[in-house]
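Worksheet for the structure shown next.
Letters A, B, ... mirror the listed sequences (proteins, then strands); counts begin at 1.
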Protein chains: 2
Amino acid sequence: MVKKTKDKGAEGRILAAARKVFTTKGMAGARMQDIADEAGINKALLHYYFRDKDKLFETIFMGEAQKFFPKINAIFQSDDPLFEKMEKFVSEYIEEMQENPYLPWFVINEVNRDPERFMQSVLGNDNRPKPAKFLEQIEKEIKKGTIKRISPVHLLMNLISMTIFPFVARPMITRNLRMSDLQFKQAMEQRKKEIPKFIIDAIKK
Amino acid sequence: MVKKTKDKGAEGRILAAARKVFTTKGMAGARMQDIADEAGINKALLHYYFRDKDKLFETIFMGEAQKFFPKINAIFQSDDPLFEKMEKFVSEYIEEMQENPYLPWFVINEVNRDPERFMQSVLGNDNRPKPAKFLEQIEKEIKKGTIKRISPVHLLMNLISMTIFPFVARPMITRNLRMSDLQFKQAMEQRKKEIPKFIIDAIKK
DNA sequence: GTCTATAATTTGATAGAC
DNA sequence: GTCTATCAAATTATAGAC
């Protein structure tokens, strides 16, 4: 894709190209030349707009992390009832990943590479997930007797795992289960309802 | 860690060092110099024993993939009852990842990078997971009326996701839930029982 | 702002002594 | 087998013309 999409200016095209390359290959695997080619410009211009590779990466990473975390928080901190909250979490999260399938892989990957920098850049800006309220809500429901006794932390892990993991391991899953891209997409669409149903069946009294 | 652990010969130390570096940084992020330092030898010797970086990587990847996949298969293809099978899967898998926490991240990562090579090197050797029998088993139980109607594929995804995902996203989870390494380890130990219980509650009639 | 040409640095790989 | 020294290739970054 060397064609210049004249819609955007050079800076915009660079950002779009850098996002594509970084999010698919990661920081270590990305090449400045790849980004320049993808944007339809030359390497020098990359350095003109963004000082060096690290600055460019930082810009992209911040943007993607913003998509990944604040969405969780808005749901966790809302005043919705527990089950409604979980439904929203699954549904909105899968929707986001249907549009940006690379998102969880990219963010998790880079966080694994350097958890420290992650804290400063993402957590510092008050975008960190705050699961406390959600965990308390689970405990309340247990005390009210509406759901079975279950460790809130494990329930949270189950919820997040079932929602995100298929997107992280997508190539492995589609290959081993012989699924086409379309079939995968449809399966993920089904999971918006399957996961909440599964959880409700597991914990509701 | 420049110290030469005289236990092994040079080749053994190289393999151990390469394993550590590749599995934590990935192929793209790994440096031959890092591996040499870790092994307490110099770069030239790496090329003496293993022609080039790619050959060395291939050796490591094959070994790790063998740990990751055949284990699943042995369980999937056994004649154990459904619930027993799921319990074994969770338990043995978590046990493996407690010892090699990097394993799922590494394998998934490299498979994502190049799904084609993955097919040849791992799937070719008859080590590919064969979930067919497991999926049929679920359908039989549904027909017998012992478990609720549920899509076998979604049940399988749920099982795998809940088991593996916490290890893939470990740094993110421990940070956001304020867990120490020990607490994480203990939580994973608990999940050997929590996950099967969760699933049984969800699908048993 | 955008380009070409080139420098500087990093990294993988080899030559040759011991 | 193992090392030091060095090369070659890849990759990031800059200089300077337009």
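For F50(A) and dT2(C), the CZ to P distance is 12 Å, given to the nearest whole Å. As rounded to whole Å, 16 Å separates atom C1' of dG12(C) from atom CZ of F57(B). One can place CD1 of I35(B) at 8 Å from P of dG12(C), the figure rounded to the nearest angstrom. Rounded to whole Å, the distance from CG on D37(A) to C1' on dT2(C) is 16 Å. Atom OH in Y49(B) sits about 18 Å away from atom P in dA13(C), given to the nearest Å. Distance, L46(A) CG to dC3(C) P: 10 Å, rounded to whole Å. We find that NZ of K8(B) is positioned 18 Å from P of dG1(D), with the value rounded to whole Å. One can place CG of L45(A) at 18 Å from P of dA17(D), the figure rounded to the nearest angstrom.
Put simply, OG on S161(B) and CG on L156(B) are 8.5 Å apart, with the number rounded to the nearest 0.5 Å.
Not one side-chain nitrogen or oxygen of Y48(B) sits closer than 4.0 Å to the OP1 or OP2 atom of dT14(C). For dT2(C), the OP1/OP2 oxygens have no side-chain nitrogen or oxygen of N42(A) closer than 4.0 Å.
For the ring pair (Phe, Tyr, Trp, His ring centres under 6.0 Å) criterion with F22(B), the lone passing option out of F57(B), F106(B), F50(B) is F57(B).
Counting only distance, with no hydrogens or angles, the side chain of K20(B) and the backbone of I35(B) share no donor-acceptor pair below 3.5 Å. Panel note: side chain K85(B), backbone F76(B); a donor-acceptor pair is recorded below 3.5 Å.
Separation of the F68(A) and F61(A) ring centroids does not fall under the 6.0 Å cut-off. Within the 6.0 Å centre-distance limit, the rings of F167(B) and F184(B) are counted as a close aromatic pair.
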Each nucleotide N or O in nucleotides 6-13 of chain D that has a protein N or O under 3.5 Å away: list the pair and distance.
{"unit_1": "dT11(D)", "atom_1": "OP1", "unit_2": "R31(A)", "atom_2": "NE", "d": "2.8"}
{"unit_1": "dT12(D)", "atom_1": "OP1", "unit_2": "A30(A)", "atom_2": "O", "d": "3.4"}
{"unit_1": "dT12(D)", "atom_1": "OP1", "unit_2": "K53(A)", "atom_2": "NZ", "d": "3.1"}
{"unit_1": "dT12(D)", "atom_1": "OP2", "unit_2": "M32(A)", "atom_2": "N", "d": "3.1"}
{"unit_1": "dA13(D)", "atom_1": "OP2", "unit_2": "H47(A)", "atom_2": "NE2", "d": "3.4"}
{"unit_1": "dA13(D)", "atom_1": "OP2", "unit_2": "K53(A)", "atom_2": "N", "d": "2.8"}

